Amino acid sequence: MKTLQEGKNPLFMDPDPDQAREFFQKKQRAMTDKRMTEKEAVEKFIPDGCYLAIGGFGANRIPTAILHEILRARRKNLGFLGHTSTHDFQLLCAGHCLKKIDIAYIIGLEARGLSPNARRVMESGEIEVCEWTNYALCVRLRAAAEGVSFGIARNMLGTDTLKMSGAKVIECPFTGKKFVALPAIWPDVAAIHVHEADIYGNCHIRGISVADLELARAAKRVIITAERLVDSYAIRINPTRTVIPFYLVDAVVEVPFGSYPGNMAYEYFSDEAHLSQWLTTEKDPAEFQLFLNKYIYDVSSFEEYLELCGGIKKLKELRRLEALVDR
Amino acid sequence: MKTLQEGKNPLFMDPDPDQAREFFQKKQRAMTDKRMTEKEAVEKFIPDGCYLAIGGFGANRIPTAILHEILRARRKNLGFLGHTSTHDFQLLCAGHCLKKIDIAYIIGLEARGLSPNARRVMESGEIEVCEWTNYALCVRLRAAAEGVSFGIARNMLGTDTLKMSGAKVIECPFTGKKFVALPAIWPDVAAIHVHEADIYGNCHIRGISVADLELARAAKRVIITAERLVDSYAIRINPTRTVIPFYLVDAVVEVPFGSYPGNMAYEYFSDEAHLSQWLTTEKDPAEFQLFLNKYIYDVSSFEEYLELCGGIKKLKELRRLEALVDR
Amino acid sequence: MEPGYNKIEMMICTAARFLEDGKTVAVGTGAPCAAAMLAQKVNAPNLVIIFEAGGLAPLLPQMPISVGDSRTFFRGIMAAGMNEMMTTCCRGLVDYAFLGGAQIDKFGNINSTVIGDYHKPKVRFPGSGGANDFASFCWQTLVITVQNKTRFVEKVDFITSPGYLTGPGEREKAGLPAGSGPYKIITNLAVMGFDPETREMMIESIHQGVELIDVLENSSFKPIIPEKTSITPPPSERELQILRREVDPNRYIIGRQ
Amino acid sequence: MEPGYNKIEMMICTAARFLEDGKTVAVGTGAPCAAAMLAQKVNAPNLVIIFEAGGLAPLLPQMPISVGDSRTFFRGIMAAGMNEMMTTCCRGLVDYAFLGGAQIDKFGNINSTVIGDYHKPKVRFPGSGGANDFASFCWQTLVITVQNKTRFVEKVDFITSPGYLTGPGEREKAGLPAGSGPYKIITNLAVMGFDPETREMMIESIHQGVELIDVLENSSFKPIIPEKTSITPPPSERELQILRREVDPNRYIIGRQ
C-alpha cells in the first residue's frame, strides 16, 4: 500500500494484530475472584519498562491509588499513552517513571494551569515523545479493540502534529481521498477506575466513559479500581449496563474515593485546593520533594493519603459539591 | 492505494464522506417536537427508490408498524441493508418493495425455518444482490458513523462471499498484512424501534443494541418508533443511558407493542404461532395474498393489526412469556 | 437393538464434550446452542457463551429461537451489540465457533449461500449471517451437521465461510488470522478432525452402531482414514437426561428427525 | 473614560454573538465555554454544546474546570465517550469549533505545542488535546485569544491545529474535509475574519476605544484591512449582567487580567 506521507516519530508498540491475538488466546476466560490490593496489582502487572495507559480524563475518574503505588514501587522506564492526561501525567512525572510516551495533551491541568514539574521533566529531554491528538489516540485504541492493525481518520492532515507522529497518509481504495492511517496500539496494561465492579471484574461506569471502553479492550492486562464492589446479581439484573466484561480484567481493587483528588461523576467533585497545592509546590523542586514524601512516599496506603487530605470531613464536602446541594 | 483483490458486485451507495457531510451540515440540530404517525413518517421520509435499513435483528426489536406502512403505501424499488434480516425481509418481499440489497442473512427466520415467499422472490431474480457478512455490514455502518469512506476487517478473505461482495483487499501500511476494506454506507433512511424516546428523539434501549447505534449514526434520516414516550427529564436524569441523541432523529412515532410479532426484550416475547402462520401460508401464493390483505392491506393501523392478532389478551400472554413468570 | 437415543441427541452430546471448561464459544441457534448449554451443565460449567447480536454469558432459561432474542442475554453478563461481540472474536478472545451449514467440503469450507450457479441458483440459502465472521476470527471451528453425499461434497458450490480453503497455509495466505481454522465436524455418523499436514478431513471416531462404509458412502469425497479408528463413546445416561429434561424439554431440536 | 467592562468580558460577549441558535458547538474550557454558555442565555437558547470527553448538551450549572468533569454532562442529553463526540464532528454534524491557542498565524493555523525547535523547545505547551480534531472536522473554527506580537505571528513555530495551512485550497489538498476552516478570531482588540480569496486574516471590526494602529502594532503580520472597518458593538448591559451573575459569578474567567 502506497504511503503518501508519514510521521517522523517511532512507534513504541507493535501494531500487528497477530501478536495481540497470540496473547489473548492464552488469557484466562473463566470467572474467578480477581480481588487484590493496589500493591499486589502493581507488583504483578506493572513491571519496570512496561507500556501503561490510564483511564479517565486527567483528573476525572482516574485510578489514583494505582498511580501512587507506581511511584512508591519506584517504577522506571514506563511507556505511557496519554490523551488528555493531567494529574495522572503530573504524578508519573513526579516519580520520573516515564521513558517513552504517546501523547495528545500533557503538562497542563486544563483551566487550572500548567504543572511546573511536568514541564521541567518534558523540557529536560529525559522522555521520548510521539505526538498525536485525542481522537488519534482514541482511534489507535479502537483499532486494537477491533483486532486490526490500523484505523483511519481525517485529522492531523496538513499539520506538524502529523509530522511528529507515527501516522501515515494513505489513499482510500474506493474514493481516492486521503486519510490518516493510525496504527493500532495494545498497551501492556491499563488501569481504569469505575463506579462498581463485581469480584470477577464486570464493571459499571456512570457518566462519560471517555476512551476507556476502547482502552479496556485494547490493553493486554486490565487493572480495575472500583468505588465499590457489588454482588454479581447487580450485574446480571441489568446486563445492558455492563461496559467492561470480566474476561478483559486481571485485577479488581476496591478503592472508595479512588479518583481523589480528581472528580468522580455522581460521587464527589475534585479537590481544587489540593490540586492547586500541587501546582504551587511544584515551583520549588526541594519543597516539592518534601510534599511528595509527605503525600506519597511516606504514606503506606491510599486510605492514609485520604486521611492526610482531610478524611471523611473533606470527602463529605466534595460529595456535597458534586451533588450541588449547597448551591 | 493498491487493491489486491476486489468483489464483483456493485456498490449501491456512494462511500464518499464529503457527500454525507454536506447532507449533515444542513440537517436540523435544534430540539423540536418530532412526533408524527407512522403513515406521516413513511410519506415524508421513505419515498420510492430510497435506500432503507431496518434496526433490530430480524424478529427482535423491529419497527413493524413502519414495515407494514411501507407495504400499505406500496413503496417500490427500495434499496435495503440487511444483516440478519428475517421477518423484516419477509415483509418487504411480501410487498415486492425491494430492488437492490446489501445482505448477510435473508430468506430464513433462524430456528423457525425458511420463508417460501422470500425464497421465491430471491430466486426470481427481481432483486439485485450484493453479498456481505453480518460483521461486514456492521463495519460498513461503523465507518459511515465515523465519517470515513471505509473500515477494515479480516473476514470474508479467501471466500466466495468476498468475490460476490463490493469489498476490496488491501495491504496494511504498517504491517504489510492483508485486510478487507469495507466501504462506508450511509442509508437514506433507517427505522429503529426502541423502548423509550422523548418527543425530540432521545432514546433508551434495554438489552442488546445489535448494530443500531452505528445505524442511527450512519443513516441520513432516522425514524424512531418507541414502545412509549417519556418526559425529557427521564433522559436528563441519567444521560449515561441515552444511546441515540435527538439530532440524529427525524421522526418519533409512539407504537406500543411495536415489535410484534417479534420479541421485545423485557417487554414481550415473539408470537411464534403467528410467525409460524406466515411461513405456512406463504407456501400457497393465492392464500398468502388473502393473508396479506387480511393482516396488512385491509388494515388501517397497527393497533387494528394487534387487535386482529388477539389484542390485549394475546399481548398479556406474550408479556408473561417474556418475563418467564409461568415457568 | 436400537440405541436409547436418536442421532440428533448423539450429535449434541458428542459435540458438547469438545467444549472445554473455561473457554469461550460463539454459537448459532439450534443444535450448536443446545450443545453449548449441555456442556455448561455437564463438563464445562465455566464455558462462556457468546451471541453475535450482543448477548454474553446468559443464564439460559431455554434455548433461544434467534441468536438475537431476549434469552441470549437473560440474566447475562452483558447485553451489548454486534460490534462488541464480533470484535471480541477479532481480538482472539473466542476459542470456538460453533456452526451448521448446507454443504461442507474436505477442507472444512462451508456453503450456506447457494446451490448451483450464484446468479441463477437452484436453491438460495440465507447466506453467511455471522458464520463467515466466526469461522474467520475464532480459533477453532466446530460444525454439527447431518452427513450425506449432497452435504459432504468434493467442492462446495460457494464458499460462504472459510475452512482451510484449498489446503495448508491457504488461510494465512488469504490474510485470515494465523493459527485459526476448522477443528471438529460432528455428524450423525462420525467425528472428523483435520490432518495437520494436508488439512484434509480425517475420521477420528465412528459412532457406535455405524460402520466405516456408512461414513464413506455418505460423503462425496473420501476423508482420510487413520490406521485405527476409534468408536465415539455413546451419550451417557446423565448427558441424555440433562439434554432431555433441562436443555430441550420441549424437544424443539432433539425432536427433529 | 474607561468602559464599564474589561477586555475578557468584551471578548466573551463578542464571541457569543457569532454562535447562531440551533447550531452545534464543540468547546474547550475557559473563555470558549463561557461564551457558549452566554450565547445559550442570550441569543442562542437552542445551541447544543459538545465536550470532547463525552458530555452532550448539559444544563451547565457552572463553568466546567475540565472538558471531562461532571459538569459537562450535568442533566445532559447524553454522557457518552470521546469516540461518540469526535465521530459526531467527523460526520459533519458540528458547526463550530471554539478554541484557544498560544500562537496563531495569518492563515489561522494554531500552535499549542512548542515555542522554538520541536526537539529542543524553548517552551513546551500541552499539545493538541482535541483541538486539532475539532479544527479538522467542525465546519467553522472560532478562536478567542489575546492579541500581541508574540501570539500573532507570520508563521507559527508548530502547526498543532490546521487553519487554512499555506493558503486557499490547501486544506482540501491535504485531505481535510471540504468546506471547513477558520471563521472568526476574536481578540481583545478586534474581530478578524478571513478573505475568501486569499484565506488571509482580515479585520472585520475594531472594538470601541481601539484604533486600527493598535490592532496592527499588536500583530507580527499585517492583516488585510478592508476599505471600511466597522466598530464592534460593545457588550450590552444585559449580556454583561448575565455573564457576571449567571455564567461566571466567581469571576474565574472574567477576573483574569
Side-chain angles (χ1 to χ4, degrees), chain A residues 1-7 11 13-21 135 138-140 142-143 145-155 166-185 195 204-209 237-243 265-266, chain B residues 1-7 11 13-21 135 138-140 142-143 145-155 166-185 195 204-209 237-243 265-266:
Chain A
M1 185 146 136
K2 212 173 113 195
T3 297
L4 306 174
Q5 188 193 344
E6 54 187 303
L11 297 187
M13 301 296 279
D14 183 353
D16 176 10
D18 284 313
Q19 60 79 23
R21 281 179 59 93
Y135 185 54
C138 182
V139 173
R140 295 186 66 194
R142 194 179 72 199
E146 291 165 2
V148 296
S149 57
F150 68 102
I152 62 170
R154 301 170 86 185
N155 52 355
K168 293 175 193 268
V169 179
I170 60 166
E171 217 173 56
C172 165
F174 296 99
T175 62
K177 298 210 168 180
K178 284 184 190 171
F179 286 90
V180 172
L182 297 154
I185 183 159
H195 290 76
H204 291 166
I205 291 175
R206 288 192 72 192
I208 57 170
S209 48
I237 196 64
N238 191 358
T240 314
R241 281 195 63 197
T242 310
V243 288
Y266 302 101
Chain B
M1 186 147 141
K2 211 173 113 195
T3 298
L4 306 174
Q5 188 193 342
E6 54 187 303
L11 296 186
M13 301 297 279
D14 184 353
D16 176 9
D18 284 313
Q19 61 78 22
R21 280 179 60 93
Y135 184 54
C138 182
V139 173
R140 295 186 66 195
R142 195 179 71 200
E146 292 165 3
V148 296
S149 57
F150 69 101
I152 62 170
R154 301 170 87 187
N155 53 356
K168 293 174 193 270
V169 180
I170 61 166
E171 219 173 53
C172 165
F174 297 98
T175 62
K177 298 208 169 181
K178 284 183 191 172
F179 286 90
V180 172
L182 297 154
I185 184 158
H195 290 76
H204 291 166
I205 291 175
R206 288 192 70 193
I208 57 170
S209 48
I237 195 63
N238 191 358
T240 315
R241 281 196 64 197
T242 310
V243 288
Y266 302 101

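Naming: A, B, ... by sequence-line order, numbering from 1 per chain. No experiment lies behind these values; they were computed from the predicted model shown.
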(request) Determine the minimum heavy-atom distance between B:S149 and A:F174, stating which atoms define it. (result) O-CD1, 4.4 Å
(request) Under 4.5 Å heavy-atom distance to chain A, tell me which part of B:L11 shows up: side chain, backbone, both or neither. (result) side chain
(request) Search all heavy atoms of B:A153 against all heavy atoms of A:V148 and return the closest pair with its distance. (result) CA-CG1, 4.1 Å
(message) I want to check something: taking the side chain as every heavy atom from C-beta on, are B:R154 and A:P17 in contact at a cut-off of under 4.5 Å?
(response) yes
(request) Could you tell me which of A:R206, A:K168, A:E6 has the largest number of non-hydrogen atom pairs under 4.5 Å with chain B? (result) A:K168
(request) Could you tell me which of A:D18, A:N238, A:I208, A:I205 has the largest number of non-hydrogen atom pairs under 4.5 Å with chain B? (result) A:D18
(request) Specify whether B:F179 and A:F150 have parallel, tilted or perpendicular ring planes, treating 30° as the upper limit for parallel and 60° as the lower limit for perpendicular. (result) perpendicular
(request) Sequence neighbours left out, what passes side chain to side chain donor-acceptor pair (under 3.5 Å) with B:D16? Give chain and number order. (result) A:K177
(request) Can you see which heavy atom on A:G207 is nearest to which on B:T240, and at what distance? (result) N-OG1, 2.8 Å
(message) So, using side chain to side chain donor-acceptor pair (under 3.5 Å) as the criterion, who are the partners of A:Q19 when residues are at least two apart?
(response) A:K220
(message) Heavy-atom cut-off 4.5 Å, strictly under: side chain, backbone, both or neither for A:R142 against chain B?
(response) side chain
